[in-house]
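Residue numbers begin at 1 in each chain, while the letters A, B, ... track the order of the sequences.
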Amino acid sequence: MAQKPVQDKSKEKEKNPNAYEFIEVESKIKNFWEKEKIYSTDISKLNKNTYSIDTPPPTVSGKMHIGHSFSYSQQDFIARYRRMKQGVFYPWGTDDNGLPTERLIEKTKNVKSKDMTRSEFIKLCLKTLKEITPDFVEDWKKLGISADYDNAYSTIDDNSRKLSQKSFIELFKKGLVYNKEFPTIWCPECQTAIAQAELEDKEHPSLFSTLRFKIAKTNDDLLIATTRPELLPACVAVFVNPKDKRYKNIVGKKAKVPLFDIEVPILTDESADIEKGTGVLMICSYGDRFDADAINRHKITPRIVLNPNGTLNQHAGKYQGMKIKEARKQILFDLKEEDLITEQKQITHVVNVHDKCGTEIEFIPTKQWFIKVLDKKKELIKQGQKINWHPEFMKKRYENWVEGLEWDWSISRDRHFGVSIPAWHCEKCNEIIIAEEKELPIDPMQKEKKCPRCKSVAKPEEKVLDTWATSSLTPQIASSLIKNKITIPYSLRPQAHDIIRTWAFYTITKSYLHENKTPWNNTMISGFVTLGGEKMSKSKGNVIQPQTVLESYGSDALRFWAAGSKLGEDLDYQEKDLVTGKKFITKIWNATNFVFMNLEKYTPKKVKLEKMDELLINKLNSLVKNTTEYFEDYEYSKARSEIEKFFWHDFADNYVEIVKNRVYNSSGQKKESAQFTLYNSLNTIIKLLAPIMPFITEEIYQKYFKKNEKVKSIHICEWPQAEKTKDKEESNKHFDLICEILSRVRQEKTKAQKSMKAEIILTLEKKEKEAIEYVLEDFKAVTCSTEIKEGKFRVEFI
RNA sequence: GGGCUCAUAGUCUAGUGGCAAAACCGCUCGUUUACACCGAGCAGUCCGCGGUUCGAUCCCGCGUGAGCCCACCA
């Protein structure tokens with residue numbers, strides 16, 4: 001016998017040979033899955049019954065963040081369950097097209113896309129993506145996301161570009177795409193048109209100044225309040241409300257714009273609010289969308305002062321060339337010098353900014369491409385209603401968004417990196433020439449086209465498609481990887497709720513416009529991760545990195561945490577939840593050690609079961625039934641908590657304790673019945689748990705169960721089936737009663753400050769005593785009762 | 001201003017038309033043939049007010065508070 005080093009107990013604990021080393025195990029298991037291609041799609045096995053998932057392709061624009069790890073875990077629970085149940089198509093892709101990727105490249109390579117030629121920049125993007133994508137994807141693999149990485153798409157690869165351009169051409173031919181000059185939402189930082197869905201609110205401090213306009217001829221003051229004095233040179237009219245008595249006598253006259261030698265008409269318009277500011281509204285081209293509407297309505301000629309790069313043009317006179325903010329400051333200074341400001345106050349107001357860069361947006365008339373959606377709101381809502389939303393209330397968010405649409409879908413971007421718009425324009429005939437399908441993917445800048453009418457060389461379209469114009473085709477792109485063996489509607493679209501208005505909406509739109517189908521039958525919408533109740537964001541500095549969490553707790557623990565909140569609910573990140581997960585994993589590991597310690601040389605075989613064992617198996621059957629139903633309903637959190645409860649309390653705390661005596665001290669059928677039950681119930685438990693904690697369950701499976709089960713991986717084993725048993729409810733009540741009495745006995749021992757092993761004489765009510773009779777030996781052993789009497793409940797210590 | 005969601009132990013979350021549950025924390029004990037990363041025990045006006053009901057934490061209405069989305073933002 002080895003001598004125990006008594007003094008150094010702590011070190012001994014660290015070296016516990018049976019401890020579960022999650023870092024080693026998880027990395028080993030991950031490699032095993034990759035090597036054995038456990039999650040690779042076998043095209044020949046895809047069929048009607050295959051559960052197909054329109055996996056979100058994460059944007060290659062940094063690292064996996066905690067929100068990703070949360071929502072991808074949740075979708076992976078469902079994917080893994082379905083894989084065991086019926087087989088899945090769970091493709092993988094990355095979204096590396098368009099502005100987010102461009103911005104990433106600009107940042108990491110310290111370049112400006114607009115300063116480079118298009119082809120140079122694209123080359124740099126593709127090269128950089130090649131470098132960074134494998135590392136980027138690695139985080140998802142470490143998390144145990146079981147998508148098919150071997151057969152992945154990128155939204156900028158040739159195939160995706162081809163499909164995206166094909167979609168553009170089809171919609172153009174259907175008359176659903178149009179090209180129009182229009183004051184559109186413009187980001188002066190990114191220098192591109194953007195879509196309504198890319199707007200975000202931001203609070204900004206601002207100066208609210210009341211300016212002295214003059215009435216022409218009379219030279220009377222006309223006071224107008226504004227936060228945007230730099231738009232004075234763009235002022236084309238002033239509005240007063242027709243009901244506003246104060247200004248009745250000036251309607252129809254002209255107003256003189258301060259600092260600028262411009263006279264503009266004074267018009268009546270309902271949109272002028274009597275209560276706001278001075279009641280006089282200046283109309284600029286363009287301050288906001290309502291300016292654009294108003295100018296249109298009154299047929300006023302706009303005077304554009306902003307260049308696409310956010311500087312002022314020649315109409316701004318001496319302010320030409322200044323950036324918006326600079327001009328604002330200078331104009332305010334000059335106004336003050338000439339005593340043209342009557343009042344000024346500091347306010348904070350909410351402005352629209354571009355979600356990618358936080359820059360305040362402007363309205364600049366440019367020629368852009370649009371997909372018609374405004375005339376189809378009703379149909380698009382109807383399409384949304386055909387989909388099962390999990391949770392249901394997320395459907396409402398979709399409907400609200402569609403109802404609130406104000407613009408057609410703006411799909412062109414004045415950028416370099418993206419899917420090119422496959423069009424040419426003959427400036428003579430005003431003819432649009434569209435690429436042919438066999439030419440796709442195509443870059444019009446690299447290919448000369450002649451106008452079919454006048455035969456002159458047409459101008460290639462320089463703009464690219466918005467990244468959503470491509471990612472809205474992820475079902476079709478994924479299908480093309482598997483010879484279209486799976487087509488829409490897919491079974492499931494998982495995603496988070498922030499992109500209902502973009503990804504979900506645009507995908508529904510495209511599938512409707514192209515095929516008049518919904519893209520999926522179900523969608524599961526994940527919530528967000530918060531920290532102390534607040535949304536995590538880099539600017540607040542309250543970001544938790546999943547990579548750090550993975551290092552200290554492991555994937556299974558992180559996933560266990562992600563399974564803790566119900567679908568659609570936000571979850572507050574708390575480290576203690578990771579601790580809980582890790583403890584649970586340890587518990588499983590230790591319980592497994594116990595089971596197999598007692599199953600040496602055991603081969604599973606049917607035996608006549610002892611009553612206690614039968615009760616446990618019945619209870620387990622109920623667990624299988626419930627867990628299955630929960631997973632069917634996307635209620636992974638209920639599945640988690642029920643499995644957890646069963647495993648820890650029914651199985652480990654109670655059953656294992658009860659059965660110990662029989663395992664240690666008996667032989668023959670009594671022992672075999674216990675062994676059979678331990679083996680089978682643990683096997684079932686780890687299978688039920690496999691979708692949520694794929695690593696430890698695989699490790700246990702490989703180590704102990706594989707040799708009898710013969711399937712390569714637990715994750716492609718068949719999902720456990722609940723056996724039909726008679727009187728299940730009765731049996732479960734019986735089981736619970738036994739546990740409840742046991743618990744009361746333990747309570748008494750605790751109260752008396754006695755050991756659990758203290759021997760007792762137990763007195764039970766008649767009914768309870770009868771219940772115990774069936775499992776008498778086991779029960780006496782676990783409670784250390786020497787005798788069980790009938791009467792009022794009592795525990796006597798010997 | 002409109003829509004949606006949430007409100008349960010000190011904290012964070014489950015859950016249910018009829019004894020309200022787990023985890024973390026704290027306290028009191030126990031324990032060494034799986035596990036001290038253990039076992040047993042101790043915690044709540046289930047936001048307020050009305051209604052439906054034999055019975056409401058749960059269903060309905062109103063209110064309060066928080067979050068998210070949208071709109072407004074001279």
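- Going from the C1' atom of B:rG65 to that of B:rA71 covers 23 Å, rounded to whole Å.
- Counting non-hydrogen atoms under 4.0 angstrom, A:Glu657 reaches a base of the nucleic acid.
- For B:rG1, the paired nucleotide is B:rC70, the pair qualifying as Watson-Crick or G-U wobble because both relevant distances are below 3.5 Å.
- Between the side chains of A:Thr530 and A:Asp572, a donor-acceptor pair is found at a separation under 3.5 Å.
- Proximity of A:Ile341 to A:Thr210: side-chain heavy atoms (C-beta onward) are nowhere separated by under 4.5 Å.
- Distance from the side chain of A:Thr750 is smallest to B:rA40 among B:rC4, B:rC73, B:rA40.
- Residue contacts for A:Val579: at a heavy-atom cut-off of 4.0 Å it reaches no nucleic acid atom on any strand shown.
- At a cut-off of 3.5 angstrom, the base of B:rC37 holds no donor-acceptor pair with the side chain of A:Lys582.
- Nucleotides B:rC25 and B:rG63 have their C1' atoms positioned 34 Å apart, rounded to a whole Å.
- Rounded to whole Å, the distance from OH on A:Tyr553 to C1' on B:rC37 is 12 Å.
- Looking at heavy-atom distances under 4.0 Å, A:Val595 makes no contact with the nucleic acid at all.
- Taking side-chain N and O atoms only, A:Trp648 has a distance below 4.0 Å to OP1 or OP2 of B:rG39.
- A:Asp273 comes within 4.0 angstrom of a nucleotide base, judged by non-hydrogen atoms across all strands.
- Taking only side-chain nitrogens and oxygens, A:Arg289 comes nearer than 4.0 Å to OP1 or OP2 of B:rC72.
- Across all strands, A:Gln196 comes closer than 4.0 Å only to sugar-phosphate atoms, never to a base (heavy-atom distances).
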Discussion item. Checking A:Tyr553 against A:Glu575 for the side-chain hydrogen bond (donor to acceptor under 3.5 Å, both in side chains) test, could you report, in this order, the C-alpha distance in whole Å, the side-chain angles of both residues, the deciding distance, and whether it holds?
Written reply: CA-CA 10 Å; A:Tyr553 297 98; A:Glu575 193 155 1; 2.6 Å; yes

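- Cation-pi geometry between A:Arg559 and A:Phe77 is not met at under 6.0 angstrom from the ring centre and within 45 degrees of the axis.
- With a cut-off of 3.5 Å on both pairing distances, B:rU32 has no Watson-Crick or G-U wobble partner at all.
- A straight line from CD1 of A:Ile760 to C1' of B:rA40 spans 14 Å, rounded to a whole angstrom.
- Judged purely by distance below 3.5 Å, without hydrogens or angles, the side chains of A:Asn661 and A:Asn665 pair a donor atom with an acceptor atom.
- For the pair A:Lys583 and B:rC24, the criterion of a side-chain N or O lying under 4.0 Å from OP1 or OP2 is met.
- Here, B:rC12 and B:rG48 have their C1' atoms 24 Å apart, quoted to the whole Å.
- Cation-pi check for A:Lys582 over A:Phe22 is not met; the charged atom does not lie both under 6.0 angstrom from the ring centroid and within 45 degrees of its normal.
- Taking for each of A:Met394 and A:Gln753 the nucleotide of RNA chain B with the nearest heavy atom, the 5'-most of the two is the partner of A:Met394.
- No contact: A:Thr592 has no heavy atom under 4.0 Å from any strand.
- Between A:Ser755 and B:rU32 there is no side-chain N or O to OP1 or OP2 distance below 4.0 Å.
- Nucleic acid contact for A:Asn352: base, since at least one base atom lies under 4.0 Å from a heavy atom of the residue.
- A:Asp577 contributes no side-chain N or O that forms a donor-acceptor pair with the base of B:rC24 under 3.5 Å.
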Worksheet, complete the sentence: Contact string for nucleotides 13-18 of chain B, one letter per nucleotide 5' to 3', B = base within protein heavy-atom range under 4.0 Å, S = sugar-phosphate only, - = neither, reads SSS---

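- The C1' atoms of B:rG15 and B:rC58 are separated by 10 Å, rounded to the nearest whole Å.
- In this structure, A:Phe393 places its CZ atom 9 Å from C1' of B:rC6, rounding to the nearest Å.
- What separates CZ of A:Phe651 from P of B:rC38 is a distance of 18 Å, to the nearest Å.
- Geometric assessment of A:Lys660 against the ring of A:Phe594 yields a positive cation-pi assignment under the 6.0 Å and 45° thresholds.
- Of the nucleotides present, none pairs with B:rA56 by Watson-Crick or G-U wobble criteria with both distances under 3.5 Å.
- Residue-level contact check: A:Thr227 touches the backbone only, with heavy atoms under 4.0 Å from sugar-phosphate atoms and none from bases.
- Candidate nucleotides B:rA40, B:rC68, B:rC37 were compared by shortest atom distance to the side chain of A:Thr586, and B:rC37 ranks first.
- Between A:Asn590 atom CG and B:rG39 atom P there is a gap of 10 Å when expressed in whole angstrom units.
- Between the CE atom of A:Met756 and the C1' atom of B:rG30 there is a distance of 6 Å, given to the nearest Å.
- Exactly one residue among A:Phe393, A:Trp389, A:Tyr506 makes a ring pair (Phe, Tyr, Trp, His ring centres under 6.0 Å) with A:Tyr398. That residue is A:Trp389.
- The separation of B:rA22 from B:rG44, taken at their P atoms, amounts to 14 Å, rounded to a whole angstrom.
- Here A:Trp589 lies out of heavy-atom contact (under 4.0 Å) with every strand.
- For B:rC6 and B:rC60, the P atoms lie 11 Å apart once the distance is rounded to whole Å.
- Taking a cutoff of 4.0 Å between a charged side-chain nitrogen and a carboxylate oxygen, A:Lys638 and A:Glu642 do not qualify as a salt bridge.
- Each of A:Tyr20 and A:Val351 was assigned the nucleotide of RNA chain B with the nearest heavy atom; the assignment lying further toward the 5' end belongs to A:Tyr20.
- Salt bridge A:Lys345/A:Glu343: absent, no basic N to carboxylate O contact under 4.0 Å.
- Residue A:Leu281 is classed as a base contact, given a heavy-atom separation below 4.0 Å to a base.
- Distances shorter than 4.0 Å separate none of the side-chain N or O atoms of A:Gln747 from OP1 or OP2 on B:rA40.
- Across the C1' atoms, B:rA56 and B:rG17 are found 6 Å apart, a figure rounded to whole Å.
- Across all strands shown, A:Ser271 has heavy atoms under 4.0 Å from base atoms, whether or not it also approaches the sugar-phosphate.
- Ion pairing between a basic and an acidic side chain is recognised when a charged N comes within 4.0 Å of a carboxylate O; A:Glu406 and A:Arg289 show such pairing.
- Following rounding to the nearest Å, A:Arg640 (CZ) and B:rA23 (P) show an atom-to-atom distance of 11 Å.
- With both ends at atom C1', the span from B:rC59 to B:rC68 equals 25 Å, rounded to whole Å.
- Using a 4.0 Å cut-off between a side-chain N of Lys or Arg and a carboxylate O of Asp or Glu, A:Lys767 and A:Glu765 do not qualify as a salt bridge.
- Put simply, CH2 on A:Trp389 is 13 Å from C1' on B:rC69, counting in whole angstrom units.
- Nucleotide B:rC6: paired with B:rG65 (Watson-Crick or G-U wobble, both distances less than 3.5 Å).
- No contact: A:Met282 has no heavy atom under 4.0 Å from any strand.
- Look at B:rG17: it lacks any Watson-Crick or wobble partner with both distances under 3.5 angstrom.
- A:Lys276 comes within 4.0 angstrom of a base, heavy atoms only.
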